[in-house]
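Taking it in order: structure first as structure tokens, then the write-up.
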Amino acid sequence: MVVDPVLWHDKRIKSLCKDPKMNLFADIRALVLSDIVAMSKASIIPNGLATNNVTVEPPRDAAHGDMSTNAAMVLAKPTGMKPREIAEALAERLLKDPRIISAEVAGPGFLNLRLSPVVWQGLIAAILGAGTAFGRSNIGQGIKVNIEFVSANPTGPLHVGHTRGAVFGDALASLLDFAGYVVTREYYINDGGAQVDVLARSVYLRYLEAHGQHVAFPDGTYPGDYLIDVGEALKAKVGKLYVGKGEDVWLNDIRSFATDAMMKLIKADLAALGVKMDKFFSEKSLYNTGLIEAALENLRGRGLIYEGVLEPPKGKKPDDWEPRKQTLFRSIEHGDDVDRPVMKSDGSWTYFAPDIAYHYDKVQRGYDLLIDIFGADHGGYVKRMKAAVSALSGGKVPLEIKLTQLVKLFKNGEPFKMSKRSGTFVTLRDVVDQVGSGVTRFHMLTRKNDAQLDFDFDKVLEQSRENPVFYVQYALARVSSVIDKAIEAGVLVDNKTLSESNLSLLINEEELALAVKLAEWPRLVETAARANEPHRIAFYLYDLAGTFHSLWNKGNELPELRFLQDDLVTSQAKIALARACAVVITAGLGILGVEAVKELR
RNA sequence: GGACCGUUAGCUCAGCUGGAUAGAGCGCUGCCCUCCGAAGGCAGAGGCCAGAGGUUCGAAUCCUCUACGGUCCGCCA
């Protein structure tokens, strides 16, 4: 395929390539829609047809063309016309646009389009101009979204399970930010329940130990070594003050001392993974401040709180079950299966009550959308939480709950057993220290959040095509290597020079294929954001890297495909393509929170 | 008893909110490297998308039921 270089100077095409977002699929869809309107004005088809379902997307098989649209099939039914008839009329009009060089009807009524190489060449210039902002979208329209994730109990360091939630939440946050949402990353500190009392007692034991006492750790306490330092620190702070004293004297003080220490630990863990929260919200701050009462009063005002007795759970009846009167939330009204208790029979709050108050607070802070990320073992909690938010916001604020499945650890292909007791307890820090945060993050995103994930300590470090982290980084390394060599050879490779270089020299099929893949990026960002699925970014990057490597490999046989040519002008055009690829990979890795490297060791 | 998630090539998994002949990596088969761009590359075989119904121009995708696996099910968070 050879293009008349003169075309590149066609102002009509250039003006159509100005949009910095450069979402070519959206652009062409807009063109299709405008031609549909034109066709109805010309009375070829009726007026006012719904076009929501008209799509322009990459065809399944690249041999079909660069883009394909289903417009004719979508319009066939409401118009009562044959798809092919519509498609042919549409094709005729589309061909009048300088960007479209061919439009063929295929299959049941698809319209396959080929775009002028000039468009792809223009895309390269646009990418270099926009840098890593290329592909940013405004589908979020500035919607304020709060993403709550990790929210591990402040009773110890983060483990692998938390790691997945942390990576997923952070990447989702970045993705939504990239797609035009205004994002808050938030961590809910469970510092109000019984487990922090257990923590305090465990720290107290370590404190006694620091004073030279020999202590035993009974069941129901945390025996972990990580509390030794906390015990020491407590001793340094209060000396002998609490030795030999009862809980009534020290519990409050040690509880807050210990949770502070644990949160410091957790924040350091998150930092090691590259996660930075915008806000930490304390459960404790909800108690004795009237906030829980206020949230429940809100529900009561809606007639959703009552005193009652729940049915016993079927199938698995606890031995000690007996009917008890409790304060219940009528969550059935908002889609739950049973009503849920907010107050225990002894008059204290259930864990659900502060959660209601917390989400009430989030609603009141004015978010348009809430997202919670839970471990899969909290799946049973989803409906009641959604019911609560639905009720508290009068149905105005949606709550999305994303579950992250288990991580199965492997070492060199063998399952790696975890056990708290035997001390083979794998923490976030263990993982990050061994393989690095970038590798950890990327790998955690190579599976859908709701599918189980295998994590092999050895395989994630392998340098082969099997390992997506390596494969993607390797593409970047090759680009930098090309650019370094170009600089040595005295080629100017600054962005401005490259984007103004003679890109019409990029006419090889393999080169344009890479540009076509790059063109998918803005569209992919939008679909990934809409689906709340950052793993799609990781898969795309792997795919893009594959396209790049494929072009590179072809250069082995066909020297004209190599990025460095004797002719400086040609080199610049080819390097422009390579750098555009690097720009998109870097942007994608940025969303995943993975550092882009320039070379591999 | 019920709820939620899952089931796609021998294995591990994608599949862009309903589109064309369902894809990738590994493994397998066959070709290709005398450091110049091979920490590899190219090509090929391999599928009843768990099963059965339904919805429509069209289903791996949406609905119902069934089977199997995982998670969960009142005073634990």
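It should be emphasised that the depicted structure is a prediction, and the values quoted were computed from it without experimental measurement. Just so you know, these numbers use all the heavy atoms, side chains as well, and skip hydrogens, waters and symmetry mates. Just so it is clear: chains get the letters A, B, ... in the order the sequence lines come, proteins before strands, and each one is counted from 1.
- One finds a side-chain N or O of Lys383(A) lying less than 4.0 angstrom from the OP1 or OP2 phosphate oxygen of C4(B).
- Across all strands shown, U12(B) is found opposite A24(B) as a Watson-Crick or G-U wobble partner, with both distances under 3.5 Å.
- Across all strands, Glu283(A) comes closer than 4.0 Å only to sugar-phosphate atoms, never to a base (heavy-atom distances).
- Remark: Lys344(A) is in phosphate contact with A77(B), judged by side-chain N or O atoms under 4.0 Å from OP1 or OP2.
- If you check A50(B) for Watson-Crick or wobble pairing at under 3.5 angstrom, you find it paired to U66(B).
- Residue Lys448(A) has a polar side-chain atom (N or O) positioned under 4.0 Å from OP1 or OP2 of G15(B).
- Between the side chain of Thr350(A) and the base of A77(B), no donor-acceptor pair under 3.5 Å is found.
- His443(A) has no side-chain polar atom (N or O) that falls below the 4.0 Å cut-off from OP1 or OP2 of U12(B).
- Nucleotide U71(B) is matched to A3(B) when pairs are restricted to Watson-Crick or G-U wobble geometry with both distances under 3.5 angstrom.
- Close to A39(B), at under 4.0 Å from its OP1 or OP2, lies a side-chain N or O of Tyr474(A).
- Looking at heavy-atom distances under 4.0 Å, Leu564(A) makes contact with a base.
- Checked for salt-bridge contact, Lys362(A) and Glu186(A) miss the test: no charged N lies under 4.0 Å from a carboxylate O.
- Of all heavy-atom pairs between Ala295(A) and Ala357(A), the closest is CB-CA, 3.6 Å.
- In this structure, Arg523(A) forms a cation-pi arrangement with Phe25(A), its terminal cationic atom sitting closer than 6.0 Å to the ring centre and no more than 45° off the ring axis.
- Across Ser282(A), Ser256(A), Ser285(A), a single residue satisfies side-chain hydrogen bond (donor to acceptor under 3.5 Å, both in side chains) together with Asp191(A), and that is Ser282(A).
- Side-chain atoms of Arg523(A) lie closest to U17(B) of the nucleotides G15(B), U17(B), A77(B).
- Across every strand in view, U55(B) sits unpaired, with no contact that passes the Watson-Crick or G-U test at under 3.5 angstrom.
- Between the base of A20(B) and the side chain of Asn112(A) there is a donor-acceptor pair shorter than 3.5 Å.
- When Watson-Crick and G-U wobble pairs are counted only if both distances are under 3.5 Å, A60(B) pairs with no nucleotide at all.
- The interatomic distance linking Asp456(A) (CG) with G25(B) (P) rounds to 20 Å, in whole Å.
- With both pairing distances under 3.5 Å, C31(B) is matched to G41(B) as a Watson-Crick or G-U wobble pair.
- In this pair, Phe374(A) and Tyr381(A) present their aromatic rings tilted. The plane angle is within the 30 to 60° band.
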